[in-house]
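Notes for the one structure printed next.
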Amino acid sequence: EVSFDQAATIPLGIATAAIALYKPEEGAINGTAALTPPWEEGGEVKYQGQPILILGGSSSVGQYGM
């Protein structure tokens, strides 16, 4: 049971985690981990079996990165 207000914050947390992990669009300010996103060709299996360290995993954004 999630309230409307709580549910409204889910896309923000997911988008923030995605922006931090994946490569930026052309012309965007670079400050990301520059990983290939899973929705691009070859991205779904590119990092398979490789560990990742997520700092701040107890935060709302960190939970989406896990």
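Applying the ring-ring contact (aromatic ring centres under 6.0 Å, His included) definition to pairs two or more places apart or across chains, those involving residues 5-24 are Tyr22-Trp39.
Taking CD of Glu44 as the start and OG1 of Thr36 as the end, the distance is 13.0 Å to the nearest 0.5 Å.
When all heavy atoms of Gln6 and Glu1 are compared, the pair lying nearest together is OE1-O, 4.4 Å.
Applying the side chain to side chain contact (heavy atoms under 4.5 Å, CB included) criterion to Glu41, with sequence neighbours excluded, gives no partner residue.
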